[in-house]
Amino acid sequence: MNKIKLQTQQLAFQHPVTRNFDTQSRSPVYEALLRSGPRLRNLQQVHAHIIVSGLHRSRSLLTKLISLVCTAGSITYARRLFPTVPNPDSFLFDSLLKVTSKFGFSIDAVLFYRHMLFSGAPPSNYTFTSVIKACADLSALRLGKEIHSHVMVCGYGSDMYVQAALIALYAKASDMKVAKKVFDAMPQRTIIAWNSLISGFEQNGLPQESIDLFHLMMKSGLQPDPATIVSLLSSCSQLGALDFGCWLHDYSNVNGFDLNVVLGTSLINMYTRCGNVSKAQEVFDSMKERNVVTWTAMISGYGMHGHVLSACAHSGLIDDGRRVFSSMKEVYGLVPGVEHNVCMVDMFGRAGLLNDAYQFIKKILPKEPGPAVWTSMLGACRMHRNFDLGVKVAEHVLAVEPENPGHYVMLSNIYALAGRMDRVEMVRNMMTRRRLKKQVGYSTIEINRKTYLFSMGDKSHPQTNTIYRYLDELMCRCSESGYVPAPESLMHDLEEEERDYALRYHSEKLALAFGLLNTNQGETIRIVKNLRMCEDCHSAIKHISIIADREIIVRDKFRFHHFKDGSCSCLDYW
DNA sequence: CTAGGGTTAG
């Protein structure tokens, strides 16, 4: 109460002479609102002042107050204030929508939009940019489409801001076809519209399309801004396109883009995921500000490369792992999520402690631990050739998630390991019956800033004959140096390609042969594979690293393999 | 009585 009085007095004593031209028309209370900023305590004081001084029916004051309260994070306060505003107008709704959608109160934004329509206040182009953003954050495609039709009816179909928001909406709801359609219909395209579409392709797992689009943008005469660069860096991360990533880094430097957390973290991710950890460390060191995401990117970057963390499972670090896990709950009060449980199972599994892994799962079982945990357990069984437990787990996983083709592959793989070819056949038939398809494996390699994609047995490349001939030659020399092809039974590898094709034409081998043919001696070969690497390729590439005297880096779905002088940084443990 | 917008990291 004292504080309120004090504030009231301060307002009363404000001298008119101190006001400049700009603020002359504004009331002292409005000034007080601006001064409080998005701080709840201050806003409560001004709110009290508004009430005691009889200004509680001033729409403009309440509008500003609600916006600030919402910015301060109290949607509850905002919800309760709203009904006190007499005759809410379009400007009030627009302010509300802006602030709710901007600060992630998406459902409230949608509800206020509904309210606006009922109240008869006409929506503006500002209304739509906000409510469309709310839909985008909710990935609410149906609702978004409904609002898209309102946009057309209200005549805002050609507003550039609304169009950009619509592109982002469709992109976030994974409807890239419609996103592209909206984009194509724009008479003139702002950098934001381009960015929305570029990031959309990247976010929907179409990194090459996003880069192609970027080249079109350059051709149209527009220069990338930091947002463009950040999206493209993610595309590079997905593709393992190090050269293009470096080019983007240079571009940012040359154009003086500020190395903020977002750009810096994107660069770190790009460098680690494209195989250059020391460059990532350089970026990390030069950043002025870092947050959790930055640190996580750097730490998991080191982890992926195994230079640091692959030793964990081999040494006494399992106890450390246990300690860290329990300290999560007991010291930090955090509830372990699925990813943490997966980590633990993975750690035990890698170390061959299948029983500990299984016991761990049993302990967290009261609830179903989720397919990801079981998949990790299954991988451990496969790695350590534990047939009995493997089958048990695989059947369980299949029951939990019957629509995931990876589980069938895993189960059939485990049967194959045990030589139960009858069962393998059975599982395969089950897959066909349920119309499930395995994920298609592919590998990419970047040469002269261009990415080349190979799938298994791929013959689409112009150099196909040379590549196959050279690969055959390499495999011959591998055999001479002691390489033994993996037995056929292993060819049902996790999510791997069909065994019917000869092992030697797996996509990573094709990419490798192509890379060796098209780069100079001494250059490191970098390959990216979308699935896990198969055991046969792993063993072959170790031999090839000696035969061709090259350093070869393969990034698979989960980690990096640095092949050098006949061994791999993962220590055959992945 | 004023006022404001769309895109970017995991």
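Numbers restart at 1 for each chain; the letters A, B, ... are given by sequence-line order, proteins then strands.
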Charged N-O contact under 4.0 Å between A/K145 and A/D175:
yes
Interatomic distance where CG belongs to A/D137 and P belongs to B/dG5 [whole Å]
17 Å
Distance check needed: B/dT8 C1' versus A/I192 CD1, whole Å only.
10 Å
Report yes if at least one side-chain N or O of A/T296 is closer than 4.0 Å to OP1 or OP2 of B/dG10; otherwise report no.
no
Whole Å only: how far is the CG atom of A/L259 from the P atom of B/dA9?
16 Å
Does a distance-only test, which skips hydrogens and angles, find a donor-acceptor pair under 3.5 Å between the side chain of A/D159 and the base of B/dG5?
yes
Any chance the rings of A/Y271 and A/H249 have centres within less than 6.0 Å?
yes
Could you check which of B/dT7, B/dG4, B/dA9 has an atom nearest any side-chain atom of A/D94?
B/dG4
Among the nucleotides B/dA3, B/dT7, B/dG6, whichever has the atom closest to the side chain of A/A164 is B/dG6
List the atom pairs, donor and acceptor, that lie under 3.5 Å between side-chain atoms in residues 178-188 of chain A and the rest of the protein, sequence neighbours left out.
residue : atom : partner : partner atom : Å
A/K180  : NZ   : A/D184  : OD1          : 3.4
A/K180  : NZ   : A/D184  : OD2          : 3.1

Ignoring hydrogens and angles, answer whether the base of B/dG6 and the side-chain atoms of A/T190 contain a donor-acceptor pair closer than 3.5 Å.
yes
Nearest to the A/Y126 side chain among B/dT8, B/dG4, B/dG6, which nucleotide is it?
B/dG4
Taking CZ from A/F183 and P from B/dG6, how many angstroms apart are they, rounded to a whole number?
19 Å
Have a look at A/F91 and say if it touches a base, only the backbone sugar-phosphate, or nothing, with a 4.0 Å heavy-atom cut-off.
base
Any ion pair linking A/R114 and A/E146 (charged N to carboxylate O, less than 4.0 Å)?
yes
Looking across every strand, which nucleic acid part, if any, lies under 4.0 Å from A/S60 by heavy atom: base, sugar-phosphate, or nothing?
base
Over how many whole Å does the gap from A/K133 atom NZ to B/dG5 atom C1' extend?
11 Å
Within residues 261-269 of chain A, residues whose heavy atoms come under 4.0 Å of DNA chain B:
A/V261, A/V262, A/T265, A/S266, A/N269
Any idea how A/F325 and A/F360 line up, ring-wise: parallel (<30°), tilted (30 to 60°), or perpendicular (>60°)?
perpendicular
Spacing of A/Y30 atom OH relative to B/dA3 atom P, expressed in whole Å:
9 Å
When you get a sec, tell me which of B/dA9, B/dG5, B/dT7 is the closest nucleotide to the side chain of A/N291?
B/dA9
Quick one: the side chain of A/S231 and the base of B/dT8, do they pair up donor-acceptor inside 3.5 Å?
no
Please determine whether a side-chain nitrogen or oxygen atom of A/K172 lies at a distance below 4.0 Å from atom OP1 or OP2 of B/dG6.
no
For B/dG10, take OP1 and OP2 only and decide whether either is under 4.0 Å from a side-chain N or O of A/Q203.
no
Can you find a pair of side-chain heavy atoms, one from A/L33 and one from A/L43, that are under 4.5 Å apart?
yes
Return a table of donor-acceptor pairs under 3.5 angstrom between the side chains of residues 253-262 of chain A and protein atoms on other chains or two or more places apart.
residue : atom : partner : partner atom : Å
A/N255  : ND2  : A/Y251  : O            : 2.8
A/D258  : OD1  : A/K288  : NZ           : 3.4
A/N260  : OD1  : A/V262  : N            : 3.3
A/N260  : OD1  : A/L263  : N            : 2.9

Nearest heavy-atom neighbours spanning A/M218 and A/P224:
SD-CD, 3.6 Å
Strictly below 4.0 Å: does A/S234 bring a side-chain N or O up to OP1 or OP2 of B/dG10?
yes
Separation of B/dA9 P from A/I299 CD1 (nearest whole Å)
20 Å
Between B/dA9 atom P and A/I198 atom CD1, what is the distance in whole Å?
13 Å
Ring-on-base stacking between A/Y161 and B/dG6, under 5.5 Å between centres and under 30° between planes: is it there?
no
